[in-house]
Amino acid sequence: ELSADSAAVSTERSIGIQREAGLGTADLVMSLLELAQIRRQQGMYTESIALYSEAVPEYRRQFGDDYSGLAVHLNNMAFAHRQAGDLVAADTLYREALALGSQAFGRGHPNMIQVATNLAGTLDLRGRSDAADSVLLESLEVLQERWPEGHWRVGRGLNRVGAFRLRGRDAAGALPYLEAAVDNYRA
C-alpha cells in the first residue's frame, strides 16, 4: 500500500521530470493537483495552496470549459484556504466552485450540496450566520425539489439546517427541521 508520503515523493519526482523536460502539459497540471491534494490531506495547507495556485490557472488554460473538474479543484483549494485561516479566499473559491459546478452538474448534485455546505460553514466562521443559514435553506430547497420525500439526502438537509440553528442557540428555529428530519427518515 502506498502511503501519502511515498505518493508525495513519487509525484514530486514526476513533476520534476516533467519540468526538466519542459513539458507544460495536462499531465503536469494533473500531477500538481494530485500533489496539492496529498498536501491538503496531510494538513500542509500553505504548500497545498501554493500548488493549487500554480495548477488551477493552468487547468483553466488546458481544459477550458471543463467546469466539473474545475469546480472540484476550486472546492479543494477553498478547503485548504479555510483550514489555513484565510476565510475570505475560501468564501470566494467556494462561491466560484458552486457557480461552475452548478453549471456542470446541476444545483441538486450531491457534490454541489457539499460545496454549499462548505460555503455555509465558512460564512458561519466569518460571523455571517444569517448568510450561512440562507445557503443551507437554499440547499434544502434544491434537495426537496430533486429527491422524493423520505430520501435520506432530504433528511440530511433538514438535519443540517436544524443542527446549524441549534449550534447558534436557536432551539425554537431548529426544532421544526430536526422533527422533519426524523419524520423524513421514518417515511
Problem set entry | Polar contact flag, side-chain donor to acceptor under 3.5 angstrom, Gln37-Asn76 | yes

For this session: Applying side-chain contact (heavy atoms from CB on, under 4.5 Å), run through Arg186 and Val182 and close with a yes or a no.
Result: CA-CA 6 Å; Arg186 287 183 181 154; Val182 170; 3.6 Å; yes

Problem set entry | Side chains of Tyr94 and Phe79 in contact at under 4.5 Å (non-hydrogen atoms) | yes

Exercise. When rounded to the nearest 0.5 angstrom, what distance separates CG in Leu136 from CZ in Phe164?
Worked result: 6.0 Å

For this session: Compare all side-chain heavy atoms of Glu149 with those of Val154 and state whether any distance is below 4.5 angstrom.
Result: no

Problem set entry | Donor-acceptor under 3.5 Å (Arg146 side chain, Gly108 main chain) | yes

Exercise. If you look at every heavy atom in Leu140 and Gly157, which pair is closest and at what distance?
Worked result: CD1-C, 3.8 Å

Exercise. For Asp170 and Gly173, which heavy atoms make the closest approach, and how far apart are they?
Worked result: OD1-N, 2.9 Å

Exercise. So, do Val72 and Ser68 sit near enough that their side-chain heavy atoms are less than 4.5 Å apart?
Worked result: no

Problem set entry | Leu137-Leu178 co-clustered via ILVMFWY side chain contacts under 4.5 Å | no

Problem set entry | Student check: side-chain heavy atoms of Tyr52 and Leu33 closer than 4.5 Å | yes

Exercise. If we only count heavy atoms from C-beta on, is the Leu119 to Gln114 side-chain gap below 4.5 Å?
Worked result: no

Problem set entry | Spacing of Arg165 atom CZ and Tyr177 atom OH [to the nearest 0.5 Å] | 4.5 Å

Exercise. Under the 3.5 angstrom rule, does the side chain of Asn184 hit a backbone N or O of His151 as a donor-acceptor pair?
Worked result: yes

For this session: Please round to the nearest 0.5 Å and tell me the distance separating atom CD of Glu47 and atom CG of Leu35.
Result: 6.0 Å

For this session: Please report the closest heavy-atom contact between Ser139 and Ala116, naming both atoms and the distance.
Result: OG-CB, 3.1 Å

Problem set entry | Ser48 (side chain) donor-acceptor with Ala36 (main chain) under 3.5 angstrom | yes

Problem set entry | Spacing of Ser102 atom OG and Leu98 atom CG [to the nearest 0.5 Å] | 4.5 Å

Exercise. Does the side chain of Gln103 reach to within under 4.5 Å of the side chain of Leu100, using non-hydrogen atoms?
Worked result: yes

Problem set entry | Neighbour count >12 (heavy atoms, 6.0 Å) for atom CZ, Arg153 | yes

Exercise. Shortest non-hydrogen contact from Leu166 to Ala174?
Worked result: N-CB, 3.7 Å

For this session: Carefully, step by step, assess Arg39 and Thr46 under the rule side-chain contact (heavy atoms from CB on, under 4.5 Å).
Result: CA-CA 9 Å; Arg39 294 302 187 214; Thr46 302; over 6 Å; no

Problem set entry | salt_bridge(Arg128, Asp91) N-O dist < 4.0 Å | yes

For this session: Could you tell me the separation between the OG1 atom of Thr117 and the CE atom of Met112, rounded to the nearest 0.5 Å?
Result: 11.0 Å

Exercise. If you look at every heavy atom in Ala89 and His81, which pair is closest and at what distance?
Worked result: CB-ND1, 3.5 Å

Exercise. What about Tyr59 and His73, are their ring centers closer than 6.0 Å?
Worked result: yes

Problem set entry | Student check: side-chain heavy atoms of Arg160 and Ile113 closer than 4.5 Å | yes

Exercise. Given the rule that I, L, V, M, F, W and Y join up when any side-chain heavy atoms are under 4.5 Å apart, are Val115 and Leu123 in one cluster?
Worked result: yes

For this session: May I ask whether Leu74 and Leu87 are part of the same hydrophobic cluster, defined by side-chain heavy atoms of I, L, V, M, F, W, Y residues being less than 4.5 angstrom apart, directly or through others?
Result: no

Exercise. Hey, is Glu138 close enough to Arg107 for a salt bridge, meaning N to O under 4.0 Å?
Worked result: yes

Exercise. When clusters are formed by joining ILVMFWY residues with side-chain heavy atoms under 4.5 Å apart, either directly or through shared neighbours, do Val135 and Val142 land in the same one?
Worked result: no

Exercise. Would you say the side chain of Met30 lies within less than 4.5 Å of the side chain of Phe63, judging by non-hydrogen atoms?
Worked result: yes

Exercise. Taking all atoms of both residues into account, what is the closest heavy-atom pair of Ser53 and Met77, and its distance?
Worked result: OG-CE, 3.4 Å

Exercise. Which is it for Glu54 and Arg60 under the salt bridge (Lys or Arg N to Asp or Glu O under 4.0 Å) test, yes or no, and what are the steps along the way?
Worked result: CA-CA 11 Å; Glu54 179 181 355; Arg60 289 179 199 267; over 6 Å; no

For this session: Establish whether Val161 and Trp147 are linked, either directly or via other cluster members, by ILVMFWY side-chain heavy-atom contacts under 4.5 Å.
Result: yes

